[in-house]
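Computed from heavy atoms alone, side chains included, the values below leave out hydrogens, waters and symmetry copies.
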Amino acid sequence: SDLPWLVGGDLNEVFYNFEKKGGGTKNQSVLESFREACQGCDLWDVNYSSYPYTWWNGREGDDAVEERLDRFLASSSWSVLFPWAKVEHIDFDFSDHLPIRIKLVNNHGETKRSRRGFRLKNMWVQEEGCGDIVREAWDDNTVVDPIQALKMKHTKCAEKLRRWNGETFGNSWSHLCERKAEGGLGFRDMKAFSDAMLAK
């Protein structure tokens, strides 16, 4: 189906052995088959926060086993609709499972876009170093999930470009708009400056 899907609950299995604490190591081929089955249905793990395990076998000491059995999985189309979504594992003393809940908004109540939206400025692409920053961010393949990887690359690229902008141009807006007699460049706005840069 092309409809956005969100699936959550006790899946009774972990994705990776690092999601398990205590006890023996699980069969890697079984875990890979489980992940591949989910990915084949276009269902991907939603990021979580807090304590990493959601189930405990009720034993203490060396006999204790904890696993992340409860999670939310989302389709690619759902993740595009709710890019800020994050799962929380909630403390709870009356069950061997921790309840999980999903937040669809960020801390500012936004569901899709930050108020401080990122926009690539025309003047940047004329400067040496801009392309290197973009390539470095987009060549980072440390995240396997394609949706999470896309968000990570976009965020990383935006943060690095903002930092580079400050180091390269400084307080560029006031300098661009100051009159030439006062030491500025005399552009009436950013568009005029960008047009002049592109015309070079």
Determine whether a donor-acceptor pair (N or O, by modelled atom type, separation under 3.5 Å) exists between the side chain of N57 and the backbone of D63. yes
Which value, rounded to the nearest 0.5 Å, describes the distance between K103 atom NZ and N47 atom CG? 13.5 Å
Please report the C-alpha distance between K21 and E67 in whole Å, then the side-chain angles of each, then the deciding distance to 0.1 Å, and finally whether the side-chain contact (heavy atoms from CB on, under 4.5 Å) criterion is met. CA-CA 6 Å; K21 179 181 178 182; E67 300 181 6; over 6 Å; no
How close do D45 and F72 get, heavy atom to heavy atom, and via which atoms? OD1-O, 3.5 Å
Looking only at heavy atoms, the pair that brings V14 and R68 closest together is CG1-O, 3.7 Å
Verify the cluster assignment for L69 and F15: are they in a single hydrophobic cluster under the rule of side-chain heavy atoms below 4.5 Å apart? no
Evaluate the side-chain contact (heavy atoms from CB on, under 4.5 Å) criterion for residues L98 and I100: first the C-alpha distance (whole Å), next the side-chain angles of each, then the deciding distance (0.1 Å), finally the verdict. CA-CA 6 Å; L98 294 183; I100 61 173; 5.6 Å; no
Measure the spacing between CD of E66 and CD of E19 and express it to the nearest 0.5 Å. 13.5 Å
Under-4.0 Å salt bridge between R59 and D96: no
Is I90 linked to L6 within one hydrophobic cluster, defined over Ile, Leu, Val, Met, Phe, Trp and Tyr using a side-chain heavy-atom separation of less than 4.5 Å? no
Between W55 and H97, is the side-chain contact (heavy atoms from CB on, under 4.5 Å) condition met? List the steps. CA-CA 4 Å; W55 173 81; H97 286 263; 3.2 Å; yes
For the residue pair Y16 and F18, does the interplanar ring angle fall in the parallel (under 30°), tilted (30 to 60°) or perpendicular (over 60°) class? parallel
Does any non-hydrogen side-chain atom of S49 lie less than 4.5 Å from one of V87? no
Can you tell me how far OG of S79 sits from CH2 of W84, rounded to the nearest 0.5 angstrom? 14.0 Å
Give the intermediate values and the outcome of side-chain contact (heavy atoms from CB on, under 4.5 Å) for residues E136 and D140. CA-CA 7 Å; E136 180 184 349; D140 187 340; over 6 Å; no
More than 12 heavy atoms from other groups under 6.0 Å of CG on D62: no
Just checking, is any N or O donor in the side chain of S76 or D42 under 3.5 Å from an acceptor N or O on the other one? yes
Donor-acceptor pair, distance only, cut-off 3.5 Å: does the side chain of T54 make one with the backbone of D70? yes
For residues K160 and I133, report the shortest heavy-atom separation together with the two atoms involved. CB-CG2, 3.6 Å
Are L11 and V30 grouped together when hydrophobic residues (ILVMFWY) are joined by side-chain heavy atoms under 4.5 angstrom apart? no
Taking the side chain as everything from C-beta on, heavy atoms only, tell me whether L31 gets closer than 4.5 Å to R35. yes
Quick test of your reading of the model: are E13 and R71 salt-bridged, counting only N-O distances below 4.0 Å? no
Look up atom CG in L104 and atom CZ in R101, then write down how far apart they are to the nearest 0.5 Å. 12.0 Å
Count the heavy atoms of every other residue, nucleotide or ligand shown that sit under 6.0 Å from CD of Q28, and state whether that count exceeds 12. yes
How close do L81 and P4 get, counting heavy atoms only, and between which atoms? CD1-CG, 3.6 Å
Minimum heavy-atom distance between L73 and C38, given as atom pair plus value: CD1-SG, 3.8 Å
CD (E127) and CH2 (W164) are apart, to the nearest 0.5 Å, by 5.5 Å
Can you name the nearest heavy-atom pair linking A64 to W56, along with the distance? CB-NE1, 4.0 Å
Do other residues, nucleotides or ligands put more than 12 heavy atoms under 6.0 Å from the NZ atom of K86? no
Going by salt bridge (Lys or Arg N to Asp or Glu O under 4.0 Å), name the residues that satisfy it together with D132, two or more places apart in sequence or in a different chain. R135
Counting N and O atoms only, with roles assigned by atom type, does the side chain of S50 sit under 3.5 Å from a partner on the main chain of H89, one being a donor and the other an acceptor? yes
